[in-house]
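In what follows, every chain begins at residue 1, and chains take the letters A, B, ... in the order their sequences are listed. Computation of the quantities below employed the complete heavy-atom set of this structure, encompassing side-chain atoms and omitting hydrogens, waters and symmetry-equivalent molecules.
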Amino acid sequence: MSQKCHRVIHWFRKGLRLHDNPALIEACKDASELYPVFVLDPWFVTNSNVGANRWRFLAQTLDDLDKQLKLLKLRLFVVRGNPETELEKLCKKWKITKLTYEVDTEPYAVARDERVGKTMEDLGVSVIPCVSHTLYDVHSIVKINGGKAPLTYQSFQTAASRLGPPPQALPAPTLQDLPGCRNLASDAHGKEFEIPSLTELRVCESDLGPNLYPGGETEALDRMERHLKKVNWICSFEKPKTEPNSLLPSTTVLSPYLKFGCLSARLFYHKIINVYKGKKHSQPPVSLIGQVLWREFYYTVAAVTPNFDKMEGNPVCKQIPWQENADHLNAWKQGRTGYPFIDAVMTQLRQEGWIHHLARHAVACFLTRGDLWVSWEEGQKEFEKLLLDADWSLNAGNWMWLSASAFFHQYFRVYSPVAFGKKTDPNGDFIRKYIPVLKKFPAKFIFEPWKAPASMQQAAGCIIGKDYPKPIVDHDVVRQKNIQKMAAAYAKSKSSTSETNKNGHKELSSKKRQSDDVGDGPSKKKKKS
DNA sequence: TTGCCGTTGGGCTA
DNA sequence: TAGCCCAACGGCAA
């Protein structure tokens, strides 16, 4: 029988949930006192690139977390300040002997946790980090892949499959898991630890969109269960066949919940597997399981690649001479490019904080290699601000993918800002919803209203160039030019790579081949039927 | 060293 | 609707 001897802080960062939270279970194990803590850094509130909708999502999530903790007769302590100094103060004040938290592989978090670890060591506090944000410990995937990041989905899948299925999700702790743990709901929890209000988070009411995706574990689990009930839909899900511009989301929109850890990726994974049992179902990379694996793929590469969110100094990223153009960038951000499909998607993003994956493809391609030739880092920043699901590893990885800077290289495949949206929404209802000034245009012209005769523009009550912008670039022209520029950038990178290789300085490819392990892994080669 | 093939392109032709 | 062209990429397995 373990003795109740520890005074414990469980530090919530991501992993804002009670289910499948091994670090929280560790915290409960032998706690005589348990303090669930979330640290809100005021510096971050003022200086970070977080939009209003995501702040609201976080506030709702913390509120829900506090409600769940109350059922365990605990409270969430939201602490204001720098995590390192605040945790040190609290450890002294509460005489803490143990700190638990979920592993975070993002570089800023790794550095922060290292510093906290040193402080804890000085204080004699034992630190227990547990992996539960990702399916696996991503470093074990790297290890099994010969010590380097897998750069294709297939090589990632091969490595991951050698680890077997991910661990089962743990149940949430119950009151029975905390016998003898002091009830903290009443005594230590003062006004200073309240859930932050939107005012405190400096959220402007006018920046908030409709609350379509409320934050929190409760909502996450409900949302997941609602989708799991649609057995045929789950089994036949193929991402490329879902529609980027349907008026109701054609995918689960669980991504914001996975980002904050309101939902465990492992729980979702095993729930899907359970629905599959005995049934024919789609396969990765297009299946729902495939989507969870994509997340894992980017987390894995991001964890071991320096400067993953930048072009310079990033060894997996092609160096491409993007050009600054404040007017074009701004038009893209504001949904004023003159291409209604692009502008509708950007408007949905700004208002609602979520857009379909393929819509992200279209606008990302448009900003970078397709049309505007503006750096993917600029797009990354805007997504980081506006997406509820903005996830550092996935955001950077996907921007590199779409700009053909890494992972994806067929740069001559360019999305048309006109044709792509038409395929799944020929009537342009999506455009009519998000760009109401265009709603009276006939379907024939709504994707390219500048082609409508003047009389028709008059009748629609929208003169192009006055009430709605003319296209800021001619897609057919810039597309051609940009493909040439991509070819040049690729050629240049190829010659510089072979130069560095000759000199033996190239970081990634100079790693010595470990000759003998080729061929003894399971062959993933699959023939298409 | 070589050949295969890659979550999701577009547009034309048959 | 399928297949081809565009112009021809790069990681990876053999």
Side-chain angles (χ1 to χ4, degrees), chain A residues 145-146 148-159 236-246 250-251 282-298 301 315-318 320 341 355-366 368-371 394 397-398 400-424 447-448 475-476 479-498 501 506 508-509 511 513-528:
Chain A
N145 192 54
K148 40 187 205 323
L151 294 181
T152 63
Y153 187 82
Q154 220 162 61
S155 60
F156 162 81
Q157 234 190 323
T158 305
S236 60
F237 183 94
E238 292 186 33
K239 183 66 155 278
K241 290 187 181 162
T242 58
E243 298 184 0
N245 44 11
S246 59
S250 60
T251 52
S282 52
Q283 295 290 336
V286 295
S287 64
L288 275 172
I289 289 289
Q291 305 314 303
V292 184
L293 293 176
W294 276 108
R295 173 179 182 271
E296 195 81 0
F297 169 62
Y298 286 126
V301 190
V316 305
C317 184
K318 277 264 183 301
I320 295 166
F341 176 61
I355 52 179
H356 185 277
H357 188 63
L358 291 177
R360 299 180 196 200
H361 279 216
V363 297
C365 183
F366 187 88
T368 58
R369 66 187 169 87
D371 294 81
L394 279 64
N398 277 312
M400 281 188 271
W401 182 292
L402 262 305
S403 61
S405 298
F407 312 115
F408 171 85
H409 309 279
Q410 290 153 292
Y411 53 76
F412 35 86
R413 292 190 182 173
V414 176
Y415 290 83
S416 159
V418 172
F420 187 68
K422 258 187 203 171
K423 284 192 293 189
T424 46
F447 283 84
E448 30 194 354
H475 174 71
D476 295 327
R479 177 187 169 279
Q480 280 301 333
K481 283 188 182 162
N482 290 348
I483 288 176
Q484 299 305 316
K485 287 198 254 183
M486 287 302 287
Y490 267 58
K492 197 174 171 202
S493 104
K494 209 174 196 172
S495 63
S496 72
T497 305
S498 55
N501 272 352
K506 184 85 197 297
L508 270 189
S509 37
K511 192 158 177 76
R513 226 162 235 295
Q514 280 148 14
S515 48
D516 293 332
D517 65 356
V518 178
D520 64 356
S523 172
K524 284 302 284 184
K525 195 119 224 138
K526 271 181 291 184
K527 259 287 58 96
K528 272 211 175 96

Problem set entry | Minimum-distance nucleotide to A:Thr152 side chain [options: B:dT7, C:dC9, C:dG11] | C:dG11
Exercise. Are any side-chain N or O atoms of A:Gln291 and backbone N or O atoms of A:Val286, one a donor and one an acceptor, separated by less than 3.5 Å?
Worked result: yes
For this session: Measure the distance from CD on A:Gln154 to P on C:dG11 and round it to the nearest whole Å.
Result: 15 Å
Seminar exercise, completed: Separation of C:dC9 atom P from A:Lys494 atom NZ, nearest Å, is 5 Å
Exercise. Which one is paired to B:dT7, where only Watson-Crick or G-U wobble pairs with both distances under 3.5 angstrom count?
Worked result: none
Exercise. If each of A:Ala149 and A:Ile483 is mapped to the nucleotide of DNA chain C with the nearest heavy atom, which maps nearer the 5' terminus, i.e. the 5' end?
Worked result: A:Ile483
Exercise. Is the phosphate of B:dT8, meaning OP1 or OP2, less than 4.0 Å from a side-chain N or O of A:Arg413?
Worked result: yes
Exercise. Considering Watson-Crick and G-U wobble pairs with both distances under 3.5 Å, what does C:dA14 pair with?
Worked result: B:dT1
For this session: Take the protein atom CG of A:Leu151 and the nucleotide atom P of C:dC9, then report the distance between them rounded to whole Å.
Result: 18 Å
Problem set entry | Rounded C1' spacing from B:dT2 to C:dC6 in Å | 24 Å
Exercise. Is any side-chain nitrogen or oxygen of A:Lys423 closer than 4.0 Å to OP1 or OP2 of B:dT8?
Worked result: no
Seminar exercise, completed: Ranking C:dA7, B:dT8, C:dG11 by distance to the side chain of A:Leu358, first place goes to B:dT8
For this session: Could you tell me the separation between the NE2 atom of A:His357 and the C1' atom of B:dT7, rounded to a whole number of Å?
Result: 8 Å
Problem set entry | Separation of atom CZ in A:Phe341 from atom C1' in B:dG10, rounded to whole Å | 15 Å
Exercise. Distance between the P atoms of B:dT7 and C:dA7, in whole angstroms?
Worked result: 25 Å
For this session: For A:Lys318 and C:dC9, give me the distance from atom NZ to atom P, rounded to whole Å.
Result: 10 Å
Exercise. Between A:Lys148 and C:dG11, is there a side-chain N or O to OP1/OP2 distance below 4.0 Å?
Worked result: no
Problem set entry | Under 4.0 angstrom between A:Ser416 side-chain N/O and B:dG9 OP1 or OP2 | no
For this session: Measure the shortest side-chain to side-chain distance between A:Asn398 and A:His357 over non-hydrogen atoms and say whether it is less than 4.5 angstrom.
Result: yes
For this session: Take atom CD of A:Gln480 and atom P of C:dA7, then tell me their distance rounded to the nearest Å.
Result: 7 Å
Seminar exercise, completed: To the nearest 0.5 Å, atom NZ of A:Lys239 lies from atom CG of A:Leu358 at 7.5 Å
Problem set entry | Cationic tip of A:Lys318 above A:Tyr490 ring, under 6.0 Å, 45° of axis | yes
Seminar exercise, completed: Result for 5'-nearest mapping on DNA chain C, choosing between A:Tyr490 and A:Arg479, is A:Arg479
Problem set entry | Atom pair distance, as rounded to whole Å: CH2 in A:Trp294 and P in B:dT7 | 5 Å
For this session: Using modelled atom types only, decide if a donor and an acceptor are shared between the side chain of A:Ser250 and the backbone of A:Thr242 within a distance under 3.5 Å.
Result: no
Exercise. Looking across every strand, which nucleic acid part, if any, lies under 4.0 Å from A:Tyr153 by heavy atom: base, sugar-phosphate, or nothing?
Worked result: sugar-phosphate
